[in-house]
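Every chain is numbered from 1, with letters handed out A, B, ... down the list of sequences. Keep in mind that what you see is a predicted model, and the values were worked out from it rather than measured.
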2 protein chains.
Amino acid sequence: MGEQTVQLDGLDARLIALLGTEPRIGVLELSRRLAVARGTVQARLDKLIARGAIKGFGPEVVPAAIGFGVTSFVTLEIRQRYGHDAVAGHLADIPEVLEAHTITGSGDILCRIVARANADLQRVIDQIVGYEGIVRAHTIIALAELIPYRTAPLVQSSYNAK
Amino acid sequence: MGEQTVQLDGLDARLIALLGTEPRIGVLELSRRLAVARGTVQARLDKLIARGAIKGFGPEVVPAAIGFGVTSFVTLEIRQRYGHDAVAGHLADIPEVLEAHTITGSGDILCRIVARANADLQRVIDQIVGYEGIVRAHTIIALAELIPYRTAPLVQSSYNAK
DNA sequence: ATCTGTGCTGGTCAACCTGTGCAATCCGTA
DNA sequence: TACGGATTGCACAGGTTGACCAGCACAGAT
């Protein structure tokens, strides 16, 4: 359940866009801005959440703002017989690992790491490769954020107009 | 303003954690769960937001749930004289580009791309490399999400206990 | 043409929450 | 000991929520 895909329409898209710009807004205010009935907004929101299109409204913590100014992408090569899951478990224990994916191509896992500074990044990477299931790590440091993570344009482009 | 770093304490961390698990919760309910006064919760939240530690409470849209099941990481090599900004502008026009960073090492820009399917990914990449400022693209496809994007463990580990 | 399910509308209701202001209290530091 | 900053408890008015309902419009099925 929830793993299906949802086809958005214009109202859904406007709703998400509006919530994106003014997140703490209420359902009533949303209905006013969108010029629809309050119940409609409630129903749409419920549906989007129920179907998994919207995961949640969690506070978006900015790592850089709480002292983790260095972002890096690390490609890991793993010892196959250990399996991805075991390695994933190891990575999950390290708070600085913000996400991890298995990937195609050279390297087996790509993960996003943050650290307080370059020297601190070294510590984190040492911690990662300290696990015997990991053979090697290739580190790429992010210098500047050209496009911060966003989904708004995607939402806008993804609905088929009524 | 907002680009400084904030030192969290235990209450901040608990507050963020609680908001993470139950995002639609109100300030009053938060204060009850944390066993502090409502005004304190409000003050803390305001401060966290004002200092940039929390960027917002936007709806977290799941690309996979609205039809974009393929995630990939693309490394771009650019023609230096065009400059990063021009390329960033081009990338920003493509909705499927969810984020982009300048990076160290081989390649100049790393970006995260989603697409409806592998064939669709080809279309998006063609669109990206169609710009003359971009020399080459190396594509890595994400097969599975071992660790979905998270900041909770980071927040937990980042405060110095009172 | 009629029926039917679905979604939207506009309205009501009681209960609750928010934003705001204020005086009192606590606590670390000068 | 005195000060400033943070926290607490309390109060108020106004707005919001969740739940409900009847009416209506529309598309598809009969």
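Summarising the geometry, the separation between CZ on B:R44 and P on D:dA6 is reported as 9 Å, rounded to the nearest angstrom. In this entry the distance linking CG of A:L30 with P of D:dT16 reads 11 Å, nearest Å. Atoms CG (B:L11) and P (D:dG5) sit 20 Å apart, rounded to a whole Å. Atom CG of A:D9 is separated from atom P of C:dT6 by 18 Å (rounded to the nearest Å).
Between B:A100 and B:L91, the shortest heavy-atom contact is CB-CD1, 4.2 Å.
Taking OH of A:Y149 as the reference point, atom CZ of B:R112 lies at 6.0 Å (rounded to 0.5 Å). Atom CZ in A:R79 sits 10.0 Å away from atom CD1 in A:I134 (nearest 0.5 Å).
Note on B:R24: nothing from the nucleic acid sits closer than 4.0 angstrom, heavy atoms only.
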Handout entry: Derivation of the side-chain hydrogen bond (donor to acceptor under 3.5 Å, both in side chains) call for A:D126 and A:Q122
Key = CA-CA 6 Å; A:D126 286 346; A:Q122 184 62 58; 3.0 Å; yes
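A:F73 and B:F73 have tilted rings, their planes meeting at an angle from 30° to 60° on a 0 to 90° scale.
Taking the salt bridge (charged side-chain N to carboxylate O under 4.0 Å, His left out) definition, one finds that A:R44 meets it with A:D9, A:D12, sequence neighbours left out.
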Produce the list of close N/O pairs, under 3.5 Å, pairing protein atoms with atoms of nucleotides 16-19 of chain C; give distances to one decimal.
residue	atom	partner	partner atom	Å
C:dC17	OP1	B:R32	NH2	3.2
C:dT18	OP1	B:V27	N	2.8
C:dT18	OP2	B:L28	N	3.0
C:dG19	N7	B:R38	NH1	3.1
C:dG19	O6	B:R38	NH2	2.9

